[in-house]
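One structure is given below, encoded as structure tokens.
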Amino acid sequence: MSLATKPTMVEWIENNETKTYGNFINGKWVESNSGQTIDIYHSAKKSQLLASFQNSTEEDVNKAVEAAHEAFKSWSNVPGPDRGAILFRFADLLEQNVDELAFMLSAEQGKVLGESKGEVLRAAKEARFSAGEAFRIEGNTLPAERQNVFNATVRKPIGVIAAIAPWNFPVVTPVRKIAPALAYGCTVVFKPASVTPWTSARLMELLAEAGVPNGVVNLVVGSGSKVGDPLINHLLVRGISFTGSTGIGIGINEQAAKRLVKTQLELGGKNPAVVLDYHNAEDVAKQIVNAAFACSGQRCTSISRVIVLKEKKEELTQALYNEIKAVKVGPAWEAGATMGPVINQGHLDSVLEYVEIGKQEGANLLFGGEVLTEGEYSEGSYMVPALFDNVTSDMRIAKEEIFGPVLCVIEVENKEEAFRVANNVEYGLAASIFTTDYSSAHTFADQIETGMVHVNHGTASAAHMPFGGAKNSGFGAFSIGSSNTEFFTEVKAVYFQY
Ligand code: NAP
């Protein structure tokens with residue numbers, strides 16, 4: 001259907017012809033030898049089939065990696081500016097197709113349409129940054145120890161990259177891996193989460209339309225065990241860029257270490273907002289609630305703990321309560337909806353279990369936490385966002401990643417305790433502090449054990465700033481921004497006598 005008529009999301013999805021996608025290998029859509037498919041259903045209309053995909057096997061992975069390996073020989077020799085030019089075109093195509101991609105993203109993942117559009121546009125920004133990086137893959141020149149010798153270092157692409165993504169950001173996460181890989185001259189085999197492969201298929205079409213040669217990017221759909229595992233262990237794969245849970249990430253790192261294969265791991269989080277003081281409680285609450293419940297709390301950088309000084313606790317908790325009450329839960333396309341369903345029933349059950357655990361641990365459920373089943377809610381996995389107070393830092397809901405719309409308020413006596421509690425988790429992805437005191441903000445930025453720190457705002461990142469975590473939240477080079485050079489390239493030292 002042409003977007004010239006500007007259909008709504010509901011119309012576009014209804015008019016979409018349901019099809020079965022092949023894997024994208026060496027520039028062609030090919031069926032798996034398994035003869036089995038995976039069906040993808042609408043996240044907010046459970047019975048509506050969106051598309052079917054290959055339930056792939058190791059044999060499919062082998063074909064894709066071999067294609068990427070073959071393509072690497074020529075792609076790595078394409079001049080950087082030419083690779084960049086293709087990626088600039090790809091960024092333009094993402095923007096030109098923003099409506100369609102956002103409809104697909106919201107349908108398969110559930111997030112509200114505004115967030116989906118924002119994700120696609122953000123992916124375009126990141127692709128454009130990577131395109132620019134292809135023009136400046138820098139080495140060094142160094143003085144020689146002998147006369148008439150020229151010493152330099154150059155950066156070379158490492159080879160075939162296994163890119164593995166989770167389901168929460170099905171457009172920006174693949175682009176965050178594929179665009180820099182291509183910019184630096186690597187080739188890619190991409191495995192999306194098996195619950196959200198639809199937008200990935202569209203990304204393959206747009207990459208090809210932008211001019212990416214056959215075999216440079218390949219898509220294989222299937223489960224972590226049948227596709228992910230053989231992919232990370234394939235002898236021709238030289239780098240693994242993985243985003244997902246910490247447990248799976250650690251397992252991947254163990255496998256990669258045996259072959260000395262580089263990893264870039266973006267893992268889980270339990271991100272705090274420390275609140276010391278402020279001019280306006282409502283402003284702070286708005287920032288926190290937005291960062292806690294965007295994408296139904298299913299962001300690695302979601303704020304899930306509010307650590308607040310005793311003297312501010314009552315006022316801030318009231319402001320948080322008011323903000324959370326204003327969250328409008330609904331399907332992606334509904335006017336005014338600010339929070340969609342969670343990804344599926346299995347994940348909803350896991351989030352609801354944490355709500356029960358919180359109650360049993362003695363935390364006070366101030367608001368929400370119930371499942372929504374009436375009317376259109378019966379068509380998706382919806383819940384009311386939950387706010388707990390009287391949470392203590394040793395409770396499971398204060399330490400474990402829930403990955404859903406649950407926010408915990410922890411009261412502390414002083415700044416030192418606040419910083420200690422903020423660090424008292426295995427994770428170290430992102431953190432915020434709200435304060436009017438310059439010195440406290442600096443001390444926090446210095447002492448917090450996270451990869452990213454935000455002062456007086458939520459945990460949203462920028463399209464050119466390095467993104468990653470400390471402790472159990474990440475390993476290897478940060479993604480986004482120039483730090484990708486460290487992962488996708490390796491140094492070669494050149495001595496040139498003349
Ligand atoms: P997950 O279960 O770890 O899965 C992530 C990806 O890994 C999926 O494609 C999955 O395939 C695949 N996989 C599973 N087992 C594998 C194996 N043995 N070998 C290779 N691949 C395997 O994570 P998720 O539930 O999709 O996503 C939520 C998690 O991701 C949260 O912990 C969240 O914090 C984290 N996350 C982190 C960041 C970050 O930047 N730090 C960003 C987003 C999300 P299947 O889909 O087929 O299972």
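Read the numbers this way: they start at 1 and go in the same order the structure lists the ligands and their atoms.
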Identify which one of Lys125, Arg122, Lys177 satisfies the side-chain contact (heavy atoms from CB on, under 4.5 Å) criterion when paired with Val172.
Arg122
Look at [atom] and say which protein heavy atom is nearest, naming residue and atom and giving the distance to 0.1 Å.
atom                    : result
atom 41 (N) of ligand 1 : Leu267 O, 2.7 Å
atom 33 (C) of ligand 1 : Phe403 CE1, 3.3 Å
atom 32 (O) of ligand 1 : Glu401 OE1, 2.7 Å
atom 23 (O) of ligand 1 : Ser245 N, 3.5 Å
atom 11 (O) of ligand 1 : Lys191 NZ, 2.9 Å
atom 24 (P) of ligand 1 : Trp167 NE1, 3.6 Å
atom 7 (O) of ligand 1  : Phe242 CE1, 3.2 Å

Determine, using heavy atoms of Gly222 and all atoms of ligand 1, whether some pair is separated by less than 4.0 Å.
yes
Does the residue Gly474 have a heavy-atom contact with ligand 1, meaning some pair of atoms that are separated by less than 4.0 Å?
no
Within the 3.5 Å criterion, strictly below it, is a donor on [X] or [Y] matched to an acceptor on the partner's side chain?
X      : Y      : value
Thr263 : Asn253 : yes
Asn484 : Gln264 : yes
Ser302 : Ser304 : no
Asn62  : Glu58  : no

Heavy atoms only: which of [options] lies closest to [atom]?
atom                    : options                        : value
atom 35 (C) of ligand 1 : Cys300, Gly268, Gly244         : Gly244
atom 46 (O) of ligand 1 : Ser194, Gly251, Gly451, Pro166 : Ser194
atom 8 (C) of ligand 1  : Gly224, Ala165, Ala163         : Ala165

Could you tell me which atoms of ligand 1, counted from 1 in the order shown, lie closer than 4.0 angstrom to a heavy atom of [X]?
X      : value
Ile164 : 6 (C), 7 (O), 9 (O), 12 (C), 20 (C), 21 (N)
Pro192 : 9 (O)
Ala193 : 9 (O), 46 (O)
Ser223 : 47 (O)

N-O pairing of [X] and [Y] below 4.0 Å:
X      : Y      : value
Glu334 : Lys328 : yes
Arg299 : Glu115 : no
Glu66  : Lys63  : no

Ignoring hydrogens, tell whether any protein atom lies closer than 4.0 Å to atom 4 (O) of ligand 1; use the non-hydrogen atoms only.
no
Measure [X] to ligand 1 on non-hydrogen atoms and call it side chain, backbone, both or neither using the 4.0 Å cut-off.
X      : result
Asn168 : side chain
Thr243 : both
Phe169 : neither
Gln298 : neither
Ser479 : neither

Using modelled atom types and a 3.5 Å cut-off, is there a donor and acceptor pairing between side-chain atoms of Thr37 and backbone atoms of Gln54?
no
Answer yes or no: is there a donor N or O on one side and an acceptor on the other, between the side chain of Thr243 and the main chain of Ala165, under 3.5 Å?
no
Can you name the residues that form a salt bridge (Lys or Arg N to Asp or Glu O under 4.0 Å) with Lys262, not counting sequence neighbours?
none
Neighbour count >12 (heavy atoms, 6.0 Å) for atom NE2, His457:
yes
Please verify the inter-ring angle class for Tyr21 with Phe53; under 30° counts as parallel, over 60° as perpendicular, anything in between as tilted.
parallel
